[in-house]
Amino acid sequence: MDYLRLMAELHGGGARQGPGGEAQTRLAMQIAGLSPSPDLRVADIGCGTGAATRVLAASLGAQVTAVDLVPAFLDRLRAEADAAGLGDRVRTLACPMTSLPFAEGELDAIWSEGAIYNMGFEAGVAAWRRFLKPGGILAVSELTWLTATRPPDLEAHWLSAYSEVDTAAAKMAVLEKQGYSPLGYFVLPESCWLENFYRPMEGRFAAFLEANSSSAAAREIVEAEIREIRLYEALGAYFGYGFYIARRTEEGEGPEGGA
Ligand code: SAH
């Protein structure tokens with residue numbers, strides 16, 4: 001319990017809660033071929049404090065439902081969307097990503113940056129598909145091996161932290177199997193990890209420890225983050241976040257269906 005509160009406190013102070021960037025959100029939107037319209041219905045799942053939500057609402061003029069487990073993140077998202085004049089386009093929803101309340105075929109796009117691992121990539125893309133309109137867009141970033149082989153210790157580390165870590169080819173095969181047609185894939189550049197995520201987090205460590213009287217739990221969290229940062233700095237050539245953009249396909253679509 002204390003752990004979750006402390007994690008929310010450390011990460012809630014940042015502009016984003018995972019690796020990513022505004023330019024990369026825009027690139028994914030471009031690959032998706034989404035045209036701006038006030039009628040677009042988009043969900044940003046595991047939105048955190050809304051790094052992607054704001055880009056989607058502002059650039060697409062879409063109605064965005066921002067979903068996260070942590071109410072404090074959503075409060076901040078709400079305040080910042082209001083301040084940016086986007087309040088009427090953004091709805092916040094505190095809800096687990098495993099039990100989303102959307103109707104069948106309600107959404108034009110499902111967005112999820114650095115969050116689907118919480119339920120697992122395959123379970124997530126399978127469960128969320130039915131909320132998309134036919135031809136609707138799925139855009140998710142996901143931990144990905146960038147090379148065919150890697151140092152055994154690194155492989156063991158990520159397999160134990162996230163058993164679904166895999167290559168882009170394998171992730172695309174999962175998308176195809178689950179009823180999507182991949183439109184594009186790109187790797188988040190190093191700046192999305194270091195400049196946009198890790199460096200600002202490092203800058204918050206001292207205040208976070210002080211606010212929590214350097215408790216054992218707070219120190220453990222900071223030490224674990226530092227280990228993760230060092231791992232990325234040393235071995236980031238082998239792993240990263242892949243951004244996958246895909247379209248929901250229909251039964252019978254493709255060669256066998258004669259489409
Ligand atoms: N998309 C944001 C946040 C990524 S961090 C960004 O790119 O900055 C992952 C987010 O998923 C966190 O905000 C966390 O609170 C949320 N999360 C974790 N488990 C969840 C679950 N089961 N259901 C919904 N959100 C969850």
Side-chain angles (χ1 to χ4, degrees), residues 1-29 42-59 62 64-81 90-102 107 109-128 131 138-144 161-162 164-165 186-189 191-201 204 221 224-225 228-229 232 240-245:
M1 204 42 236
D2 203 34
Y3 174 78
L4 289 181
R5 182 189 63 77
L6 288 169
M7 284 298 278
E9 185 184 321
L10 175 62
H11 288 284
R16 56 184 325 124
Q17 288 70 44
E22 183 174 332
Q24 287 67 33
T25 301
R26 289 184 191 283
L27 177 57
M29 277 167 31
V42 180
D44 182 6
I45 301 175
C47 59
T49 59
T53 311
R54 277 189 301 281
V55 181
L56 292 163
S59 311
V64 186
T65 301
V67 184
D68 204 277
L69 265 190
V70 179
F73 290 171
L74 296 174
D75 291 346
R76 188 172 145 203
L77 190 162
R78 168 94 270 139
E80 290 181 358
V90 174
R91 182 169 75 106
T92 56
L93 187 64
C95 175
M97 59 176 73
T98 43
S99 52
L100 298 169
F102 300 111
L107 299 169
I110 291 179
W111 219 263
S112 185
E113 297 194 18
I116 198 170
Y117 73 90
N118 286 293
M119 71 181 286
F121 183 81
E122 182 148 21
V125 303
W128 299 348
F131 304 129
L138 175 81
V140 292
S141 64
E142 162 81 345
L143 188 72
T144 300
Y162 181 51
E164 283 186 56
V165 59
F186 62 89
V187 179
L188 292 187
S191 60
C192 285
W193 293 73
L194 298 180
E195 280 158 46
N196 296 357
F197 183 48
Y198 284 149
R199 298 296 175 242
M201 192 204 305
R204 297 193 301 275
I221 285 177
E225 297 290 5
E228 197 188 291
I229 295 168
Y232 182 76
Y241 262 133
F243 211 136
Y244 300 84
I245 301 96

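In listed order, ligands and their atoms are each counted from 1.
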Check the pair R5, D2 against salt bridge (Lys or Arg N to Asp or Glu O under 4.0 Å), reporting the backbone distance first and the verdict last. CA-CA 5 Å; R5 182 189 63 77; D2 203 34; 2.9 Å; yes
F73 and R78: side chain to side chain contact (heavy atoms under 4.5 Å, CB included), yes or no, with the steps? CA-CA 9 Å; F73 290 171; R78 168 94 270 139; over 6 Å; no
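- Put simply, the side chain of S112 gets close to the backbone of I45: a donor and an acceptor are under 3.5 Å apart.
- Between F102 and W128, the gap from one ring centroid to the other reaches at least 6.0 Å.
- Using a heavy-atom distance under 4.0 Å as the criterion, the protein contacts of ligand 1 are R16, Q17, G18, G46, C47, G48, D68, L69, V70, F73, C95, P96, M97, E113, G114, A115, N118.
- Aromatic ring orientation, Y117 versus Y162: perpendicular (interplanar angle above 60°, classes split at 30° and 60°).
- A51 meets the side chain to side chain contact (heavy atoms under 4.5 Å, CB included) test with R16; sequence neighbours excluded.
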